[in-house]
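In the text below, chain A, chain B and the rest are named by the order of the sequence lines, each starting its count at 1.
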There are 2 protein chains.
Amino acid sequence: MLKEERFDHIINLLKKENKVSYDQLAGELHVSEDTIRRDIDALYQNGLLSKVRGGAITLAKNPLSFQDRSSHLSEGKEAIALKARQFIKNGQTIFMDGGTTVCAIAASLPLDSNLRVITNNMALIPILSNFNNIEVIVLGGKYNRDTQTNSGLRTIDEAREYIADCYFMGACALHHELGVTSVFNEEASIKRAMISNAKKIIVLGNVEKLSTTEPFRVCDLAQVNVLITDLPSDSDLLDSYRSLGIRLI
Amino acid sequence: MLKEERFDHIINLLKKENKVSYDQLAGELHVSEDTIRRDIDALYQNGLLSKVRGGAITLAKNPLSFQDRSSHLSEGKEAIALKARQFIKNGQTIFMDGGTTVCAIAASLPLDSNLRVITNNMALIPILSNFNNIEVIVLGGKYNRDTQTNSGLRTIDEAREYIADCYFMGACALHHELGVTSVFNEEASIKRAMISNAKKIIVLGNVEKLSTTEPFRVCDLAQVNVLITDLPSDSDLLDSYRSLGIRLI
DNA sequence: TACAAAATTGCATAACTTTGCATAAAAGTT
DNA sequence: AACTTTTATGCAAAGTTATGCAATTTTGTA
């Protein structure tokens, strides 16, 4: 019996019963359980079923195609998004980089916003696609599936070609002495490129990011114009950031 | 007995039985198993059957075509995706451009595929994110929300930085005399850039695209190496494309 | 018709797949 | 926490397939 015929049998049985087990199939097809295990793995690798302990079940029809992951955003991020609105004026050109807070800002924009957004953040694409008057310029590069951003020399090079009215910087750690830091070296370089080509630097940091550091230095806090947090701007937690010439919001 | 007669015999038997084996055919046709093996390989190279260990099965019977996949893509596109699989080998670097057929190919890849995909097609990002061993390189540019692709001078410039083993070209009209054409000028330029930097040009065109044209010329059909359609490769509708040196599948 | 070039064929062999078993690692159960 | 069951991995045997080769057949050309 051909391997493909076994595949066929497995898939048909699965259609009928919604689940199959290794031992049942091994018996029916007169091969060892190992072989069935390998068959089911092959079908799994090709996206035709879901593996479970002891066998397989039909695929959960859960097309992971267009994830608008922005839906499950925390309250803190919504708060930051709301505060960010005051800095966004129609007609502006804006840099946005990685992080879910940036996505929250994009998602909260008025539908008729007229903007040009320049970004390496791929998670922004489905969000910004909803806006008819937002021109999106994608900075290319090697895509990182964890951060959902592009990075590399090309990304930096491209970012340097634009001058933006403001830059919303997400995904970074903030420390009153050690400044702005980031998890990846590449991200840090992109941030620096955006900083040097933006007229106003707006850093987004929820309370968990305050007084923390990451390995890669982006810039001094002195270079930052505005710091938006999810705290009230008179909160004690922000005291160490006052007197740095940053506008705290 | 002529080779063509053997081909006919194989195809007819396949239609009747859905599967054929080397030893069975070798007996029936009084030639060695090697010859049958070569015959079946020739038919496979033309997309007329699926090769399996021990013989061949019809394309429709290939379990990989059982598309209960999350994809709500048309049957034709699935058929093209299945035929495209024979050109994709692990370790390759591949250009892909816009169009839903290209997305169908990406969605049908085995989960453990090891590839580098270079694209301006943003719709590919969520699809390719599911593959741990596919490196995605995004070509930046101005994002077009209708085609879901990036375009512009930057896009072309970046595409030129890479050499790919093959290029899957989607979203184009095909005409036996007027060649490959596209709806937008910008898309056409990107296609040309990819053509000049890819070792093998594979054009995807479902039957609705055949014998049609669009305003912007991409290239002659002579520059195309392979044309994958949703038709069987011996269909009359493809006759005008024969004798152009293209492999029809 | 005769000849050279090209294609086709069957064979030998090397490379690769598949399979079931043994064992180690991981995941559930009590 | 100890035990059982299940799954993954490595291995060797058997089987299958691709490849190069030489012999043969076919094709094209003079």
Side-chain angles (χ1 to χ4, degrees), chain A residues 1-11 13-14 17-60, chain B residues 1-11 13-14 17-59 61-64 85-92 109-114 131-133 165 200 242-243 245 247:
Chain A
M1 179 178 243
L2 296 175
K3 190 167 53 152
E4 282 69 17
E5 292 178 287
R6 291 201 310 267
F7 287 179
D8 206 30
H9 181 96
I10 294 170
I11 286 170
L13 192 64
L14 201 53
E17 318 251 310
N18 292 319
K19 64 171 185 182
V20 293
S21 68
Y22 294 127
D23 58 350
Q24 172 199 10
L25 285 166
E28 288 182 18
L29 298 171
H30 311 292
V31 289
S32 76
E33 224 172 292
D34 297 75
T35 301
I36 298 296
R37 183 166 273 117
R38 278 184 271 235
D39 287 352
I40 282 184
D41 192 59
L43 295 170
Y44 162 74
Q45 292 290 337
N46 283 286
L48 297 163
L49 48 72
S50 297
K51 280 208 287 189
V52 296
R53 204 179 164 78
I57 56 174
T58 47
L59 210 51
Chain B
M1 178 177 250
L2 294 175
K3 194 159 57 150
E4 313 302 328
E5 291 179 278
R6 290 202 311 270
F7 285 0
D8 273 357
H9 182 96
I10 294 171
I11 294 290
L13 191 62
L14 202 52
E17 317 249 311
N18 291 322
K19 68 166 183 174
V20 293
S21 68
Y22 295 129
D23 58 350
Q24 171 199 12
L25 285 166
E28 287 181 16
L29 299 171
H30 310 294
V31 288
S32 76
E33 235 173 273
D34 297 74
T35 301
I36 299 296
R37 183 166 274 115
R38 277 182 272 236
D39 287 351
I40 282 184
D41 192 60
L43 296 169
Y44 163 73
Q45 296 293 334
N46 285 294
L48 294 166
L49 46 73
S50 293
K51 264 207 302 190
V52 299
R53 189 158 237 255
I57 57 177
T58 55
L59 286 174
K61 200 76 183 170
N62 187 328
L64 299 181
R85 293 260 304 242
Q86 71 171 284
F87 297 101
I88 302 173
K89 304 269 188 299
N90 276 340
Q92 285 186 327
L109 290 170
L111 265 184
D112 57 355
S113 300
N114 187 297
F131 299 86
N132 287 316
N133 298 307
D165 295 295
K200 182 178 258 177
R242 297 181 212 285
S243 80
R247 184 160 150 206

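Residues B:His9 and B:Leu25 form a side-chain contact, since some pair of their non-hydrogen atoms from C-beta on lies under 4.5 Å apart.
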One character per nucleotide, please: for nucleotides 15-21 of chain D, 5' to 3', B when the base has a protein heavy atom closer than 4.0 Å, S when only the sugar-phosphate does, - otherwise. BBSSBB-
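Atom CG of A:Leu25 and atom P of D:dT6 are 15 Å apart (whole Å). Following rounding to the nearest Å, B:Leu29 (CG) and C:dT9 (C1') show an atom-to-atom distance of 14 Å. A straight line from CZ of B:Arg6 to C1' of D:dT25 spans 13 Å, rounded to a whole angstrom. What separates CE of A:Met1 from P of C:dT17 is a distance of 23 Å, to the nearest Å. Per the geometry, CG belonging to A:Leu2 stands 17 Å off P belonging to C:dT17, to the nearest Å. Distance, A:Asp23 CG to D:dT5 P: 13 Å, rounded to whole Å.
Toward the 5′ end of DNA chain C lies the nearest nucleotide of B:Asp39, the other residue of the pair A:Lys3 and B:Asp39 mapping further downstream.
Each of B:Arg38, B:Arg6, B:Lys3 was evaluated against B:Val31; a single residue qualifies, B:Arg6, per the side chain to side chain contact (heavy atoms under 4.5 Å, CB included) test.
Taking the C1' atoms of five terminal pairs at each end of the helix from C:dT1-D:dA30 to C:dT30-D:dA1, the two resulting helix axes are inclined by 40°, rounded to 10°.
Side-chain N or O atoms of B:Asn90 include one that pairs as donor or acceptor with a backbone N or O of B:Asn114 at under 3.5 Å. For the pair B:Glu17 (side chain) and B:Leu14 (backbone), a donor-acceptor distance under 3.5 Å is absent.
Between B:Asp165 and B:Lys200 no salt bridge is recorded (no basic side-chain N to carboxylate O distance below 4.0 Å). By the 4.0 Å N-to-carboxylate-O rule, A:Glu4 lies too far from B:Arg53 to be salt-bridged with it.
For B:Asn62 and B:Arg85, the side-chain atoms include no donor-acceptor pair closer than 3.5 Å.
Once rounded to the nearest 0.5 Å, the distance linking CG of B:Leu49 with CD1 of B:Ile10 reads 8.0 Å.
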